[in-house]
Each structure stands twice: as C-alpha cells, then as structure tokens.
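Because the structure is a prediction, the values reported are computed rather than measured.
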Amino acid sequence: LSQVTSVFLALFAGHDVLFQDADVIWLRDPLGYFAEEADPAVDTFWMDDGARTSRYAPYFANSGFYYLRANDRTKNLMYRMLQSFDSIITFRSHQHVLDQQLIEHTARFGLSVAVLPKDAFPQGQVFHHNKAQMQQYVDGELKPYVFHMCWTANEENKLKYLKNLGLWFLKPTCSEDAFREEAR
C-alpha cells in the first residue's frame with residue numbers, strides 16, 4: 001500500500017508523479033520523454049507489462065513504472081486505489097486492481113490512458129522472450145529510456161541478469177550484506 005500512498009500524496013500536493021519499482025534502471029532520463037514527446041493531453045502513461053491475459057486487458061499496464069499528471073482524474077484514480085486495500089490484499093496484486101481501476105476511471109471519469117512504446121520502455125518479458133531485441137539494446141542500436149527487470153522469478157536472478165547485461169551500477173559496498181554489516 002505504500003506505493004499507492006506515496007503517489008496519492010504527491011498528486012494531492014499538485015505534483016506530476018513518475019513511479020518506479022526498484023528493479024527499473026534508467027538508461028536515459030524518462031522525464032524528457034514525458035515533457036517533450038508524450039501527448040500533453042494524456043493523464044496517465046503505463047509501461048506495457050507484456051502479459052496478454054484477460055486479467056490485465058485492455059491496457060496491460062505494468063504497475064512498476066508509470067507517469068501520472070496531477071489533475072482531478074488522476075487524484076480520483078489514486079484515491080480509489082487507496083480505498084481498494086482490501087482488493088489488493090485479496091488478489092495479492094496491486095497491478096490487477098490497478099488495471100481494473102483504469103477501465104472504470106476511463107469509462108466513468110474520462111481518464112486518458114496511454115501505454116508506452118515497448119522499444120523505448122522495455123521490460124523483463126522482452127528480456128526473456130526477445131533476445132534479438134535485447135542484443136540491440138546491449139549493442140547500442142536501440143536506446144531505451146529505462147529497462148524494468150520484471151517477469152523474473154526473484155531478486156537473485158534479477159541481480160544476476162542485470163549484471164550480465166551490464167545494467168547493474170551499484171558498487172559492492174552498496175549491497176544488502178554491506179548495509180547489514182554496517183548496521184551491526
């Protein structure tokens with residue numbers, strides 16, 4: 001619920017919000033995309049999750065990377081997400097509830113939803129199922145804004161894959177073990 005609360009508070013303070021999970025790596029500043037390339041009339045922008053099950057239709061929005069413009073429609077969306085704590089717990093998925101709310105708020109309140117282009121905002125589904133495209137990123141032929149290592153089983157594998165791609169930028173002294181040792 002902390003991810004909903006933090007976004008809700010920032011929106012109500014009048015700020016646009018770029019939310020991201022900890023496994024999102026910036027390769028270019030994505031704020032430039034929202035300032036210069038994104039349609040200024042759109043309220044919300046979502047990373048494409050890659051899943052194509054009815055559970056996430058029709059937007060297939062990934063709740064691990066998104067941008068919201070501060071306005072009454074986005075404030076209403078996040079207020080309703082705060083009220084949906086029981087559903088988030090029941091479904092064990094913030095993303096599932098969010099996708100349902102996007103549908104409702106689009107229909108009832110005119111919320112506009114855009115899905116970000118997968119080549120500029122790739123994620124773990126691309127990593128696991130499109131090796132040729134991943135190689136284009138590694139070779140510098142494609143220059144995405146961010147990469148989100150979702151669709152990956154656990155933190156250990158995420159770290160291993162990000163290191164193999166050359167996308168892990170923290171020094172060993174910034175590891176969880178190093179922080180725990182310092183705390184003793």
Side-chain angles (χ1 to χ4, degrees), residues 1-8 10 17-30 33 44-68 78 81-82 84-102 115-140 142-184:
L1 193 57
S2 62
Q3 61 193 156
V4 174
T5 305
S6 60
V7 172
F8 171 81
V17 175
L18 174 62
F19 177 86
Q20 70 173 53
D21 284 347
D23 60 348
V24 174
I25 308 297
W26 284 29
L27 303 168
R28 290 192 285 160
D29 183 352
Y33 176 86
T44 68
F45 297 87
W46 302 88
M47 180 174 275
D48 185 330
D49 183 70
R52 291 298 181 260
T53 62
S54 61
R55 180 178 185 186
Y56 300 111
Y59 300 113
F60 309 104
N62 184 296
S63 61
F65 184 87
Y66 59 89
Y67 184 81
L68 304 177
M78 293 315 291
M81 286 297 295
L82 273 177
S84 299
F85 179 71
D86 59 332
S87 295
I88 294 170
I89 297 301
T90 300
F91 288 115
R92 294 180 305 207
S93 173
H94 167 256
Q95 184 167 316
H96 178 66
V97 175
L98 176 73
D99 281 324
Q100 291 176 338
Q101 292 297 326
L102 288 175
V115 178
L116 297 165
K118 273 176 99 169
D119 60 335
F121 295 88
Q123 35 61 9
Q125 188 245 6
V126 174
F127 173 81
H128 291 290
H129 298 286
N130 192 340
K131 299 298 183 190
Q133 187 174 350
M134 284 307 301
Q135 190 62 50
Q136 289 179 301
Y137 296 132
V138 171
D139 294 343
L142 295 175
K143 298 189 184 309
Y145 285 93
V146 301
F147 177 76
H148 184 190
M149 187 52 88
C150 58
W151 279 61
T152 305
N154 55 49
E155 293 170 14
E156 183 180 321
N157 282 335
K158 288 180 183 200
L159 182 59
K160 179 176 78 173
Y161 298 150
L162 288 170
K163 283 180 178 178
N164 287 343
L165 288 169
L167 296 178
W168 187 251
F169 303 106
L170 293 180
K171 297 177 181 174
T173 56
C174 294
S175 71
E176 181 180 350
D177 292 338
F179 288 128
R180 288 185 191 279
E181 189 62 35
E182 255 182 60
R184 289 184 195 171

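Counting only heavy atoms from C-beta outward, the side chains of Ile25 and Phe169 approach each other to under 4.5 Å. A 4.5 Å side-chain heavy-atom check between Glu155 and Asp23 finds every atom pair outside the cut-off. At a threshold of 4.5 Å between non-hydrogen side-chain atoms, the residues Trp168 and Met149 do not count as touching. Using a 4.5 Å heavy-atom cutoff, the side chains of Gln136 and Asp119 are not in contact. You'll find the side chain of Phe147 stays beyond 4.5 Å of the side chain of Tyr137, heavy atoms only. Side chains of Phe60 and Thr53 form no contact here, defined as non-hydrogen atoms less than 4.5 Å apart. The side-chain heavy atoms of Ser84 and Phe91, taken from C-beta on, include no pair separated by under 4.5 Å. In this structure the side chain of Pro30 never reaches within 4.5 angstrom of the side chain of Tyr67, judged on heavy atoms.
Of the residues listed (Gln125, Lys158, Gln123, His128), the one engaging Thr152 in a side chain to side chain donor-acceptor pair (under 3.5 Å) is His128, and it is the only one. A side chain to side chain donor-acceptor pair (under 3.5 Å) with Asn62 holds for exactly one of Asp48, Asp21, Asp99, Asp49; it is Asp49.
Ring centroid separation for the pair Phe45 and Phe121 does not come in under the 6.0 Å cut-off.
From Leu159, atom CG reaches atom CG of Asn164 across 9.5 Å, with rounding to the nearest 0.5 Å. With rounding to the nearest 0.5 Å, the separation of CG in Leu68 from CZ in Phe8 is 13.0 Å. Interatomic distance, Leu167 CG to Trp26 CH2, rounded to the nearest 0.5 Å: 15.5 Å. Atom-to-atom distance recorded for Met47:CE and His148:NE2 is 6.5 Å, nearest 0.5 angstrom.
Closest approach of Val24 and Gly64 over heavy atoms only: CG2-O, 3.7 Å. Heavy atoms only, all atoms of each residue included: Val17 and Ala10 are closest at CG2-CB, 3.5 Å.
Evaluation of the side chain to side chain contact (heavy atoms under 4.5 Å, CB included) rule for Asp139 yields Gln135, Glu141 as partners, not counting sequence neighbours.
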Please step through side-chain contact (heavy atoms from CB on, under 4.5 Å) for the pair Val4 and Leu98, ending with a clear verdict. CA-CA 10 Å; Val4 174; Leu98 176 73; over 6 Å; no

Go through the steps to decide whether Phe127 and Tyr161 satisfy the test side-chain contact (heavy atoms from CB on, under 4.5 Å), and finish with yes or no. CA-CA 9 Å; Phe127 173 81; Tyr161 298 150; 3.6 Å; yes

Evaluate side chain to side chain donor-acceptor pair (under 3.5 Å) for Lys118 paired with Gln133, printing each intermediate quantity in order. CA-CA 10 Å; Lys118 273 176 99 169; Gln133 187 174 350; over 6 Å; no

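Cation-pi geometry between Lys143 and Tyr145 is not satisfied (NZ or CZ under 6.0 Å from the ring centre, within 45° of the ring normal).
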